[in-house]
Amino acid sequence: MRLKGRHWVVLWLVLFLVVAGVVVARQTAAFTLARRLRDLREERTTLEARRADTERRIRTDRSREVLGARAEKLGLHFPSDSEYMYLLVPDRPTSTLSEGH
């Protein structure tokens with residue numbers, strides 16, 4: 001059976017529609033992926049800003065002024081020179097280090 005001219009037109013039209021559908025599906029997937037990537041980048045930027053703020057607050061809260069004020073509210077004070085006690089920790093014998101314990 002030989003294909004007539006109108007059959008070739010229909011065949012090429014179907015082939016074109018299939019290829020066009022694949023291109024559209026691929027472009028849609030690319031746009032969706034690009035949008036998701038943009039959203040993730042924005043979320044990362046937000047999280048990095050929150051982390052920097054949290055680290056800044058931790059550094060501030062660990063300062064002597066802030067801790068001193070909180071300690072005073074609890075009735076504590078910074079030790080004077082005579083109140084310091086230094087503890088010496090003896091070295092471990094080298095034989096236990098070489099045994100892997």
As an exercise, state the distance from CD of Glu72 to CG of Leu67, rounded to the nearest 0.5 Å.
11.5 Å
Measure the CZ-NZ distance between Arg70 and Lys73 for me, rounded to the nearest 0.5 Å.
8.0 Å
Can you tell me how far CG of Leu15 sits from CH2 of Trp8, rounded to the nearest 0.5 angstrom?
11.0 Å
Quick check: is Phe78 connected to Leu74 through a chain of hydrophobic side chains (ILVMFWY, heavy atoms under 4.5 Å apart)?
no
Before you tell me yes or no, could you show the steps for Arg62 and Arg57 under side-chain contact (heavy atoms from CB on, under 4.5 Å), namely the whole-Å CA-CA distance, both residues' side-chain angles and the distance that decides it to 0.1 Å?
CA-CA 8 Å; Arg62 288 176 56 183; Arg57 288 178 35 217; over 6 Å; no
Inspect the surroundings of CZ in Arg38 and state if more than 12 heavy atoms from other residues, nucleotides or ligands are less than 6.0 Å away.
yes
Can you tell me if Glu43 has over 12 outside heavy atoms packed within less than 6.0 Å of its CD?
no
Rounded to the nearest 0.5 Å, how far does CG of Asp53 lie from CD of Glu48?
13.5 Å
How long is the span from the CZ atom in Phe16 to the CG atom in Leu11, to the nearest 0.5 Å?
14.0 Å
Taking C-beta and beyond as the side chain, do Arg44 and Leu47 meet within less than 4.5 Å on heavy atoms?
no
Heavy atoms only: give me the nearest Val66-Thr60 pair and the separation to one decimal.
CG2-O, 3.4 Å
Are Leu33 and Phe31 linked, directly or through other ILVMFWY residues, by side chains that come within less than 4.5 angstrom of each other?
no
Out of curiosity, Arg41 CZ to Thr46 OG1, how far, rounded to the nearest 0.5 Å?
14.0 Å
Polar side-chain atom of Glu83 near backbone of Ser80 as donor-acceptor pair, under 3.5 Å
yes
